[in-house]
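For reference, the structure discussed in these notes is given below.
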Amino acid sequence: MPEVDITSILKESRVFNPPKKFSESSHIKSFDEYEQIYKEAEIDPEAFWAKIAGELHWFKKWDKVLEWNPPFAKWFVGGELNISYNCIDRHLTTWRKNKAAIIWEGEPGDSRTLTYQDLHREVSKFANVLKSIGVNKGDRVAIYMPMIPELPIAMLGCARIGAIHSVVFGGFSAEALKDRVYDAQAKVIITADGGFRKGEVVPLKEKVDEAADKSPSVEKVIAVKRTGNQVQMKDGRDYWWHDLMKDASDKCEAIPLDSEHPLFILYTSGTTGKPKGVVHTTGGYLTGVYITTKWVFDLKDEDTYWCTADIGWVTGHSYILYGPLANGATSLMYEGGPMYPQPDRFWEIVDRYKVNIFYTAPTAIRALTKHGEQWPLKHDLSSLRLLGTVGEPINPEAWIWYHKLIGKERCPIVDTWWQTETGMILITPLPGAIPTKPGSATRPFPGIIADVVSREGKSEAPNKGGYLVIKKPWPAMLRTIYGDDERYKKQYWEEIKGVYFTGDGARRDEDGYFWIMGRVDDVMNVAGHRLSTMEIESALVSHFTVAEAAVVGRPDEIKGQAVVAFVTLELGNNPTDELKKELKEHVSKEIGPIAKPDDIRFTEALPKTRSGKIMRRLLRDIAYGREKMGDTTTLEDYSVLAKLMEDKE
Ligand code: PRX
């Protein structure tokens, strides 16, 4: 982990109390009640989590709540359950049987509603399809799909028979898909002929073909017909979803699975070029997402709840699918972009479906802010009662816009801090109980012991910046990195001894509120998506003209951070604008459009220490356009830096 000086510059003193009416009807009604629950959970976390797990359906009750062999945790040891059963079957014996589980809206305006009973039929059929093509308990299934109902059906189908899903975001390239399929040794890939995004067809099947051709583990590919786009179907390997589903039986019992049976792998960027397969298991994960969905979103049976994330990210796994359905909620799901056909698509959907709870990313809010007030003002947003944000710190201006224009100063805002690894929200307001301050994720969820510490692990004084750590295991925590226990240990539990290191810098104010200050490692957060600088650097270096590359982030008004790449070329290549364009496209092809550098700056050399380490800190100063550089005493050759500063764009 690089040494960084974490100084906090954000000072925000506004406090917004939960509206009285909201508190009165919420699950957790006051700050005192929150503190009481928090204290009880701190004294006896196992009793706290066991009580919550007890609200779920278990085929066999656990023998022991937690087995903690640091840093390896097992939760609800000996217990047996099935997530698909908890998210569907459990509701069928209640009035929820005919309640909408998923309301889906396609980008072109088509829509579909699946009740719990409908979902049960589709998921059971698809689970049988998986079995019929040879998928067994423990097999990995890669899913590379647009945001259509078949995506959650596929995930729940896997969970029903104990297959482990690995959803790969549809915006990733064929190359990135292949790496993930290879790492997980996936037997099957589920995809579609395409999806709709910003009015265009996003091709997926072609990329799957490219990835599958290079992946010996892949035996079968299943494709949903979504766009009518022409695609190739390889005989004996590729099947249409509708052909397989046509004759599948709708009877498939959810099998009892060990509480620690892996539910999914989800790849995320780390500090090296190789993405990490974060492993989540069954009982603990479900317990965590179930209760956070209920308390953080104050979810009630009458609510229409909408999380705008893509299921290809953890937010979609936990808070479109598993958390809401475990609560028997109505979860809205939207296929396309927020600006299509115009910048009021979100508000138009909120108005038409009378959405009550709306959860999105600060980057989307900032982008919508730019288009002006007229778009939200065109619609009736009075159904909304709670707003949420996730993925990156929210700047107070965006928070206030959200509060005034969307929430009409009536809706609490929950700024939820968590990660792919944490599985569930860890630091967050409980909307009826915790007063909010714009830009702060406020307090830890009950059962979560968070702290801000120094490099040596000592708690920092109030308002002093430090490293955000979690001190006790929690049920939805990642169990390991797929196939790499050592990396799991090293990266998360050895950076700061004995605690979980989040990779984030933070400070805690005098009220115990957490203010997240962004990543302290070589991970960037671009438009709410996590990218590793190393990953982009290796993509650049794989281009034949590039000798060396260093990537840093610089602040960006909409995306939070923008990608800036410093590139030195192999001798004989000219640093032209054409080449810049080509390199941007190259990164897009290697990783995906999300990783495309915003700026490429050619340089004859990169600033390095005497031991040869690239000094990213100085490059960051340059990318930020800072006039004064940080400490340059360890720099090997000052003229490299001087030249870069001269070349300022
Ligand atoms: O830096 C933090 C930021 O996003 C990182 C986790 O990214 P990912 O695993 O992709 O998960 C995103 C969705 C859960 C964190 O290490 N982050 C996430 N939520 C917040 C945040 N930063 C500030 N405030 C948040 N609410």
Side-chain angles (χ1 to χ4, degrees), residues 1 4 6 8 10 12 167 169 171-172 264-271 275-278 280 288-289 292-293 296 307-320 322-323 359-366 387-396 398-399 402 413-429 436-445 450 452 467-470 476-478 481 491-492 495 500-507 513-532 535 553 559-561 594-595:
M1 173 174 59
V4 280
I6 309 165
S8 157
L10 191 69
E12 170 63 57
V167 182
F169 173 57
F172 277 123
F264 67 85
I265 304 170
L266 186 58
Y267 286 84
T268 189
S269 296
T271 48
K276 305 179 279 197
V278 168
H280 283 290
V289 298
T292 45
T293 308
V296 176
C307 165
T308 70
D310 191 293
I311 293 186
W313 307 106
V314 73
T315 307
H317 282 59
S318 300
Y319 298 110
I320 293 178
Y322 292 120
Y359 187 35
T360 195
T363 185
I365 299 171
R366 287 194 297 267
L387 304 173
T389 67
V390 58
E392 54 185 313
I394 180 162
N395 47 313
W399 197 98
Y402 201 31
I413 298 179
V414 287
D415 173 349
T416 61
W417 177 90
W418 58 297
Q419 310 177 297
T420 306
E421 292 87 341
T422 69
M424 61 185 252
I425 294 168
L426 295 194
I427 303 180
T428 177
T436 52
K437 303 183 188 183
S440 169
T442 77
R443 303 276 290 237
F445 193 81
V452 174
Y467 300 99
L468 177 64
V469 298
I470 311 296
M477 66 190 264
L478 80 164
I481 300 288
Q491 192 135 12
Y492 299 106
E495 289 285 358
Y500 171 82
F501 174 59
T502 63
D504 280 351
R507 77 179 159 95
Y513 276 43
F514 286 81
W515 298 76
I516 312 299
M517 283 140 52
R519 303 289 307 191
V520 294
D521 51 14
D522 292 327
V523 175
M524 274 186 293
N525 199 324
V526 179
H529 300 322
R530 219 161 114 175
L531 294 170
S532 128
E535 217 175 329
K559 299 200 287 184
Q561 277 193 303
I594 41 167

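Both backbone and side-chain heavy atoms feed into the values below; hydrogens, waters and symmetry mates do not. Treat the numbers as computed from the prediction; the structure is a model and nothing was measured. Each ligand, and each atom within it, is numbered from 1 in the order the structure gives.
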ask   = Mind checking what makes salt bridge (charged side-chain N to carboxylate O under 4.0 Å, His left out) contact with K437, not counting sequence neighbours?
value =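 Per chain and number, K437 pairs via salt bridge (charged side-chain N to carboxylate O under 4.0 Å, His left out) with D509, D511.
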Which atoms of ligand 1 have any heavy atom of [X] under 4.0 Å away?
| X | value |
| --- | --- |
| I516 | 22 (N), 23 (C) |
| T420 | 8 (P), 9 (O), 10 (O), 11 (O) |
| D415 | 24 (N), 25 (C), 26 (N) |
| V390 | 13 (C), 14 (C) |

ask   = Do any N or O atoms from the side chain of S532 and from the backbone of V523 form a donor-acceptor pair under 3.5 angstrom?
value =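 No, the answer is negative, given that no donor and acceptor are paired below the 3.5 Å cut-off.
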message = Taking side chain to side chain donor-acceptor pair (under 3.5 Å) as the criterion, tell me which of K276, R530, E535 meets it with S269.
response =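 Among the candidates, only E535 passes.
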ask   = Out of T308, T416, T389, which one pairs with Y359 under the side chain to side chain donor-acceptor pair (under 3.5 Å) rule?
value =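 Exactly one option meets the side chain to side chain donor-acceptor pair (under 3.5 Å) with Y359, and it is T416.
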inquiry  = Yes or no: does G503 have any heavy atom under 4.0 Å from an atom of ligand 1?
reply    =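 Contact check G503 vs ligand 1: negative.
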ask   = Between Y319 and T292, do the side chains contain an N or O donor and an N or O acceptor separated by less than 3.5 Å?
value =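 A pair is found: one side chain offers a donor N or O, the other an acceptor, under 3.5 Å apart.
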inquiry  = Contact between Y402 and P362 at the side-chain level, heavy atoms closer than 4.5 Å - yes or no?
reply    =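 Heavy-atom side-chain distance check fails, nothing below 4.5 Å.
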message = Are the side chains of F445 and L426 in contact, using a 4.5 Å heavy-atom criterion?
response =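 Not touching, per the 4.5 Å side-chain cut-off.
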Examine [X] against ligand 1 and note whether any of their N/O atoms are separated by less than 3.5 Å.
| X | answer |
| --- | --- |
| T389 | no |
| D504 | yes |
| A441 | no |
| T502 | no |
| T268 | no |

task = For ligand 1, indicate whether the residue E392 contacts it via side chain, backbone, both or neither (heavy-atom separation under 4.0 Å).
result =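 The part of E392 near ligand 1 is the backbone, not the side chain.
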query = How are the rings of W313 and H529 set relative to one another: parallel (under 30°), tilted (30 to 60°) or perpendicular (over 60°)?
reply =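 W313 vs H529 ring planes: parallel.
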What residue and heavy atom of the protein are closest to [atom], and at what distance?
| atom | answer |
| --- | --- |
| atom 7 (O) of ligand 1 | R530 CD, 3.3 Å |
| atom 19 (N) of ligand 1 | G391 N, 3.1 Å |
| atom 23 (C) of ligand 1 | P393 N, 3.1 Å |
| atom 6 (C) of ligand 1 | W418 O, 3.7 Å |

key: Step-by-step side-chain contact (heavy atoms from CB on, under 4.5 Å) determination, R443 to Y513   = CA-CA 5 Å; R443 303 276 290 237; Y513 276 43; 3.9 Å; yes
key: Nearest option to atom 13 (C) of ligand 1, as decided by whichever heavy atom of L426, N525, V523, T315 sits closest   =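 Looking at heavy atoms only, the winner is T315.
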request  = Assess whether side-chain hydrogen bond (donor to acceptor under 3.5 Å, both in side chains) is satisfied between W399 and D415, documenting all intermediate values.
outcome  = CA-CA 9 Å; W399 197 98; D415 173 349; 5.5 Å; no
